[in-house]
Amino acid sequence: AQSVTQLGSHVSVSEGALVLLRCNYSSSVPPYLFWYVQYPNQGLQLLLKYTSAATLVKGINGFEAEFKKSETSFHLTKPSAHMSDAAEYFCAVNSGGYQKVTFGIGTKLQVIP
Amino acid sequence: DTGVSQNPRHKITKRGQNVTFRCDPISEHNRLYWYRQTLGQGPEFLTYFQNEAQLEKSRLLSDRFSAERPKGSFSTLEIQRTEQGDSAMYLCASSPRDRGGTQYFGPGTRLLVL
């Protein structure tokens, strides 16, 4: 079984402030973990992906995420928020690499000027 | 651009009508997935294909829903006798055959059932 919990359905940050979006996963086998971003009325775009090669994963648009097995976490961070980062972010897990992806409920990021 | 494409992008229909959506995956990808996303939720898995074989179906996929991928290329998702609860965004994704292959998503088809 696999699942994802995203803490905080809405997060607001000031422009230039640190972005931290939280994700905890559950998986019976070593997981593949993803962060996707979705802009209004669009599909999902991959931000970054963890495949066990390195615990700190760098993605597009300055985002990165750290895999912490002991905490079963995969939190997404960006040092300095930009107005264009306002979107909905989904954490997702794929246990073992061959199964369907299970998504969290998403976190809407608001960036305040 | 050779990304995943979906048609139509929007569909408005009356309750009881049948609708069909099409997904064209990235050409070299052999896996194709359908998801449904309702407001305020993450995408929920519906079904997936490896080539033309439908390998898994979610309990969410009632008998009014059917999906095909006849030649292992494009796929169609049909909903018969639509209900207002079917209103959602239907997302298609494709991935390569390798383990942990990233799923690349299309723009989605937004369905509104009146």
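Lettering follows sequence order; numbering is per chain, from 1. Atom set for the values below is all heavy atoms of this structure, side chains included, hydrogens, waters and symmetry mates excluded. The structure presented is a predicted model; accordingly, all values stated were derived computationally and were not measured.
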Discussion item. For the SG atom of A:Cys91 and the CG atom of A:Leu76, what is their distance to the nearest 0.5 Å?
Written reply: 8.5 Å
Discussion item. Quick check on the interface: out of B:Pro43, B:Ser95, B:Gly42, who has the most heavy-atom pairs with chain A under 4.5 Å?
Written reply: B:Pro43
Close side-chain approach of [X] and [Y], heavy atoms under 4.5 Å:
X: A:Asn24; Y: A:His75; value: yes
X: B:Phe105; Y: A:Gln38; value: no
X: B:Asn7; Y: B:Phe21; value: no

Item to complete: Could you tell me which portion of B:Gln37 (side chain, backbone, both or neither) has an atom closer than 4.5 angstrom to a non-hydrogen atom of chain A?
Response: side chain
Practice prompt. Identify which part of A:Leu44 has an atom lying under 4.5 Å from any heavy atom of chain B, answering side chain, backbone, both or neither.
Written response: both
